[in-house]
Protein chains: 2
Amino acid sequence: MNDNDLKRAGLSATQPRRLILDLLQQNPEAHLSAEEVYRRLLEQGETVGIATVYRVLGQFEKSNLINRHQFDGTTSVYELNQGKHHDHIICNECGRVVEFIDEEIEQRQRNIAEQQGFHIDSHLLYIFGHCTNPNCRYKP
Amino acid sequence: MNDNDLKRAGLSATQPRRLILDLLQQNPEAHLSAEEVYRRLLEQGETVGIATVYRVLGQFEKSNLINRHQFDGTTSVYELNQGKHHDHIICNECGRVVEFIDEEIEQRQRNIAEQQGFHIDSHLLYIFGHCTNPNCRYKP
DNA sequence: TCAATATTGATAATAAATCCCAAGTATTTT
DNA sequence: AAAATACTTGGGATTTATTATCAATATTGA
Ligand SMILES: [Mn+2]
Ligand SMILES: [Mn+2]
Ligand SMILES: [Zn+2]
Ligand SMILES: [Zn+2]
């Protein structure tokens, strides 16, 4: 039961919130858009309004249950926050997303920010390319 | 005259293109949204349709005369391409944008991509924070 | 249980960007 | 230089992702 997670986040345990958090906890590796969350709930026979999906995802983000990304500049995707920060490589051809964390890059960022008189709140690093995965629909 | 730059980019020298490229060349340090470009042209007494501003900025981006960024996830901003790649630190309070380039970060990215079986097309690194600039409207 | 409070979801509204196409401009040909 | 051709413009309509509104419904603490 994820009612506890909701409580801890200061959110009452409503059906839509349960369903959406469940979906994301069941797919901890996924990066899903609001529409995708909506579709999957429909597929499992649950009816939640699309407005509610957007609203709840926003609440989850604010309370740090999930993280939001914008790989393509038009649509946000959300992933379960598993505690450890990471950055992303995205294949422009097949859409595959690979996660990585590089302590050297993290450290350089801190140095640069300090040098420039900034205190870092967050950062965002996306590497875009094409992958050599056999499943990739890219044809050279 | 920047007609030559337009020619080199394979674009005919029309009045809107001249005006927009001029504006960006006159402000090589600026990161302007389409609406801001539009407003500034109006301010200088020039009338260019907003649809044209968007269209021309798109053409300029495609032909590499300018670069596009999305610091805030909702609105694109454009800057003159001065040949040298750089990344950005953005102040969440005052909006100040500082540019930097760190060869060590660039190199790490190449290593990571290779390790993961990717060929890099581009990347995007924004550091968000708050600055200690006296002009910053942030109050601790 | 029940009243007080919070949440939902259908629909309307918004904002950035793109599409459409008739009228206008630039370029090429004669 | 004029005519012919090809490309471009700009006003308005359209799209797309997301947010706002608000009456109906669900949750919760007493
Ligand atoms: Mn991720
Ligand atoms: Mn810049
Ligand atoms: Zn791929
Ligand atoms: Zn600042």
> Does one hydrophobic cluster hold both Tyr78(A) and Val97(A), with members joined at side-chain heavy-atom distances below 4.5 Å?
Replying inline: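 No, Tyr78(A) and Val97(A) fall in different hydrophobic clusters.
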> Between Thr75(A) and dT16(D), is there a side-chain N or O to OP1/OP2 distance below 4.0 Å?
Replying inline: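 No, Thr75(A) has no side-chain N/O under 4.0 Å of OP1/OP2 on dT16(D).
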Rounded distance (Å) that lies between atom [atom2] of [N] and atom [atom1] of [X]:
X: Asp72(B); N: dT18(D); atom1: CG; atom2: C1'; answer: 14 Å
X: Ile50(B); N: dG11(D); atom1: CD1; atom2: C1'; answer: 12 Å
X: Tyr54(A); N: dA15(C); atom1: OH; atom2: C1'; answer: 14 Å
X: Phe71(B); N: dA16(C); atom1: CZ; atom2: P; answer: 17 Å
X: Gln59(B); N: dG10(D); atom1: CD; atom2: C1'; answer: 14 Å
X: Leu6(A); N: dA26(D); atom1: CG; atom2: P; answer: 18 Å
X: Leu11(B); N: dA26(C); atom1: CG; atom2: C1'; answer: 13 Å
X: Arg68(B); N: dT18(C); atom1: CZ; atom2: P; answer: 6 Å

Identify which nucleotide among [options] has an atom closest to any side-chain atom of [X], counting heavy atoms from C-beta outward.
X: Pro16(B); options: dA17(C), dT9(D), dT7(C); answer: dT9(D)
X: Arg55(B); options: dG11(D), dT28(D), dA26(C); answer: dG11(D)
X: Val56(B); options: dG10(D), dT9(D), dT28(D); answer: dT9(D)

>> Regarding Ser33(B), tell me which of base, sugar-phosphate or nothing describes its non-hydrogen contacts under 4.0 Å with the strands shown.
In response: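 No contact at all - Ser33(B) keeps every heavy atom at 4.0 Å or more from the nucleic acid.
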>> Over all strands shown, is Thr52(B) touching base, sugar-phosphate only, or nothing at heavy-atom distances under 4.0 angstrom?
In response: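 Base: the residue Thr52(B), judged by heavy atoms under 4.0 Å, touches a nucleobase.
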